[in-house]
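Let me begin by presenting the structure, written as structure tokens, before commenting on it.
Here the structure is a predicted model, which means the values were calculated and not measured.
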Amino acid sequence: MAVRLVQRCCRQLFGGSTFAPLAIPASLLAPASKTVIARALPQAALASLHTSSLSRQTDKLSVKEQVYSQYPELREIDELIEAASSPEDLLHVAEHHSLKGNQASAVVIQLSRLVMEKKLETESILQDTRFQQVLKVLNSQLSQVWNSALLPLLKSLYLLGLERHKRELRSVMQEMRWRLRRLNFRQIASLAEYMATIEQVEDQNELLSDVVKHLELRWTEIGDTRAVVTLMVKVGHLSQTLMDRLEDKALEFAEQFTAEDIRKVALALALQNRRSVPLLRAISYHLVQKHFILSTSILVDLAFAYGKLNFHQTQVFQKMASDLHSRVPEMAHGDVGRCIKSFAYLKWLNLPLFEAFAQYILDNADRFTVLQLCNIILSFARLNFQPSRSENFYNMIHEKLGNQLGSLDPHLLTDLVWSLCVLQQAKTPYLQSVLARPFYSQLLDDQTPRGQNYRLKLMHINAAARLECPGYQGPFLPPEALSATEPPGDRKATPLQSSLQEVLNVVAKDEVNRRFNVHTVYGWQLDAEMMLNGDNQPLPVKDFAASHLLQSEGTKPPPHGTRRIAFLRWEFPNFSSRSKDLLGRFAMARRQLQAAGFLIVDVPYYEFLELKSEWQKAAYLKDKMNKAVGAEMAK
Ligand SMILES: *[C@@H]1O[C@H](CO)[C@@H](O)[C@H](O)[C@H]1NC(C)=O
């Protein structure tokens, strides 16, 4: 009876808890048999039981408990506790009977249930001397409280608002620490889950860290997906070792994951920044294979998780896109913004989906905040995505953002204007807002890597103003702002980079005829530069004046008919995922350099690295140079 009482209270009280360690079937309570049953059930057999019956696995009940249920007068008290319908009833029972530890715990649990159900104030209960008496009994007979009641008791004490430093609360935790070894895995897991969600003070930290240590040792006992998923979500972040184990377990259970499990696991990995490739592969596989119907919110979360972990899985992305596409009109505007951002992180542009997003933004413009619209522009620019109804779209953007520029954080404003430059939509007021001295000087003072990055962006914006906005009259950045420092740490040359340089040395015939790693005043770096005369013969680049350099060694004006060639090496990261389309940043670089008068020779990795011999590579470059010159002449 007492068992059922406790279990019923607890189920009502904590029905939402993932682990239900409290449901003990009455049959297991038959006095003589129960310890036998508990011992006789081997772990493997338990593990093979269905989850719901597993949750009924009892903890080993002590001999005391067997004896206990044979005393009818004790049962009577249990019944009274169970029947009580108000705190007053309960406290009355407590006053007129002498309670055992377990009953005191049942009173507390029942009290908290009533408080919760009826939304009662707890102040008067806590101050009631009868309640304090119950706590006293509890404190002195804690060792008799059953394993299965300890956690509900702890939760109840919290719920009743007992002060954190109260002796009774600390004793319960101490008792739990002592008994950890005797608790079954579900109980420990539930405890971990609960402890991880409440605010920690010192004692609790000790209990929690003990619990985590136990989980680290006993992880092999995890018997179902819910346990592994919940532990990952709730306590994985507390221990790397534990999370490693949980990931192994998750891999084992991945096949049984529901879509919701997959969402939780993916989010847990993302929030803990754990890029567990085998596990991400496994969940991706099942996501695609099982043809789950994924809710929009799951799709949004998955996009976030894959984005955060920078994990590319084209089939999953395609599924996301096709699932989302038809639902875009019904999506919440926040979810639209989040999806766009996640896909931009992933450098993954699905045109139909993005068209649908753009249409949605146009139709629901008023729902978006200025910040959300800025982030959308940043994402579109990263992917170099131009909506097909771009005029309407940008009119809306200018209307919404145009008069807000002054209110934006300086870094965000710079990002916004830079992005509009990428998308070729930066009008004069945008450019002026960042190219005015008071504005840019605060950014240029910043010597950190972040500051360097913004200095480059300002240079790009300045270049856009000079090269791509014919009507723009100024202001511009002053010369002293146009030198970019080398990015910190000398990065090792990539295979493409070193191979390109080797071959160019051959093509240029003499090293005076080429420059490598040229820093331009536009903020872009050329991998190499050459000059060709009217007969397509290389000229000594260093002899001539060069307006793209801050300081040029040469002063001679280039002869009539001279062409400048910029060699741009395009590596895998310069492209959007699974495509030969440059990301916005690089598309802008190419465009601006062209506007500055260079003929561009693109050297994409997927062509150049395919060529085997140096001879082939040289022929490839010469051919591209000829074509660039030919195209120029055809204009
Ligand atoms: C392409 O990306 C690589 C690596 O991110 C970078 O070093 C290189 O400068 C980029 N190419 C160009 C032409 O900007």
Side-chain angles (χ1 to χ4, degrees), residues 10 14 16-24 37-60 147-148 150-152 176-177 179-197 207-272 274 276-283 285-286 290 305:
C10 298
F14 311 110
S17 169
T18 309
F19 308 95
L22 303 160
I24 301 165
I37 288 176
R39 283 214 199 94
L41 282 174
Q43 285 305 319
L46 284 173
S48 67
L49 291 175
H50 187 263
T51 332
S52 65
S53 57
L54 234 188
S55 68
R56 276 190 250 126
Q57 178 199 357
T58 174
D59 53 315
K60 291 174 189 151
N147 290 349
S148 58
L150 279 177
L151 178 57
M176 294 186 102
R177 285 181 72 193
R179 276 204 233 172
L180 279 180
R181 226 179 280 276
R182 281 186 280 148
L183 298 184
N184 67 33
F185 190 80
R186 293 188 151 266
Q187 290 167 336
I188 297 191
S190 311
L191 178 59
E193 184 188 348
Y194 180 66
M195 294 305 294
T197 55
L207 174 55
L208 184 56
S209 67
D210 279 3
V211 168
V212 169
K213 273 180 221 137
H214 267 261
L215 291 172
E216 282 171 7
L217 293 171
R218 291 173 58 179
W219 63 281
T220 51
E221 293 174 46
I222 295 177
D224 61 282
T225 54
R226 300 187 78 191
V228 74
V229 172
T230 311
L231 287 174
M232 277 184 133
V233 173
K234 295 286 171 67
V235 287
H237 63 282
L238 296 174
S239 152
Q240 297 273 344
T241 321
L242 177 59
M243 193 63 182
D244 288 342
R245 306 281 179 263
L246 291 172
E247 284 173 6
D248 289 349
K249 267 287 170 193
L251 210 48
E252 206 176 291
F253 284 113
E255 206 182 336
Q256 299 164 32
F257 280 167
T258 62
E260 188 57 38
D261 291 334
I262 291 180
R263 178 224 297 258
K264 287 183 182 160
V265 168
L267 279 181
L269 292 176
L271 295 174
Q272 294 171 42
R274 294 189 55 113
S276 165
V277 173
L279 186 51
L280 287 165
R281 283 213 186 112
I283 60 178
Y285 176 83
H286 293 297
K290 291 221 180 115

(message) Could you check whether any side-chain heavy atom of T225 comes within less than 4.5 Å of a side-chain heavy atom of F257, counting everything from C-beta outward?
(response) yes
(request) Heavy atoms only: give me the nearest S276-L269 pair and the separation to one decimal. (result) CB-CD2, 4.3 Å
(request) Could you tell me which residues satisfy side chain to side chain contact (heavy atoms under 4.5 Å, CB included) with A192, sequence neighbours excluded, listed by chain and number? (result) V211, L215, L231, V235
(message) According to side chain to side chain donor-acceptor pair (under 3.5 Å), who are the partners of T258, at least two apart in sequence or on a separate chain?
(response) D261
(request) Give a yes or no answer on whether the side chain of Q272 reaches the backbone of M232 with a donor-acceptor pair at less than 3.5 Å. (result) yes
(request) State the CG-NE2 distance between L242 and H237, to the nearest 0.5 angstrom. (result) 10.5 Å
(message) Nearest 0.5 angstrom please: R177 CZ to H214 NE2, how far?
(response) 10.0 Å
(request) Please list, chain by chain and in numerical order, all residues satisfying side chain to side chain donor-acceptor pair (under 3.5 Å) with E260, sequence neighbours excluded. (result) R263
(request) Identify the two heavy atoms, one from L279 and one from L251, that lie closest to each other, and give their separation to 0.1 Å. (result) CA-CD1, 3.7 Å
(request) Please identify each residue that fulfils side chain to side chain donor-acceptor pair (under 3.5 Å) with T241, with sequence neighbours left out. (result) none
(request) Please name all residues satisfying salt bridge (Lys or Arg N to Asp or Glu O under 4.0 Å) with K249, sequence neighbours left out, ordered by chain then number. (result) E252
(request) Please round to the nearest 0.5 Å and tell me the distance separating atom CZ of F185 and atom CD1 of I222. (result) 4.0 Å
(message) If I take atom CD from residue E216 and atom CG from residue L238, how far apart are they, to the nearest 0.5 angstrom?
(response) 10.0 Å
(request) State, yes or no, whether a side-chain contact exists between L191 and L207 at a heavy-atom distance under 4.5 Å. (result) yes
(request) Look at the side chain of T230 and the backbone N and O of A227, then say whether any donor-acceptor pair between them is shorter than 3.5 Å. (result) no
(request) Compare every heavy atom of K290 with every heavy atom of Q256, then report the nearest pair and how far apart it is. (result) N-NZ, 4.3 Å
(request) Would you check if R179 and N147 make a side-chain contact, meaning some heavy-atom pair closer than 4.5 Å? (result) yes
(message) How close do I283 and A266 get, counting heavy atoms only, and between which atoms?
(response) CD1-CB, 4.1 Å
(request) Go through the structure and list residues passing side chain to side chain donor-acceptor pair (under 3.5 Å) with R274, not counting sequence neighbours. (result) Q240, D244, E247
(request) Please round to the nearest 0.5 Å and tell me the distance separating atom CG of L151 and atom CD of E193. (result) 9.0 Å
(request) Mind listing the closest non-hydrogen atom pair of R218 and L183 along with its distance? (result) NH2-O, 3.0 Å
(request) Can you see which heavy atom on V228 is nearest to which on A250, and at what distance? (result) CG2-N, 3.8 Å
(request) Applying side chain to side chain contact (heavy atoms under 4.5 Å, CB included), run through R186 and D224 and close with a yes or a no. (result) CA-CA 10 Å; R186 293 188 151 266; D224 61 282; 3.0 Å; yes
(message) Once rounded to the nearest 0.5 Å, what's the spacing between atom OH of Y285 and atom CD of E255?
(response) 8.0 Å
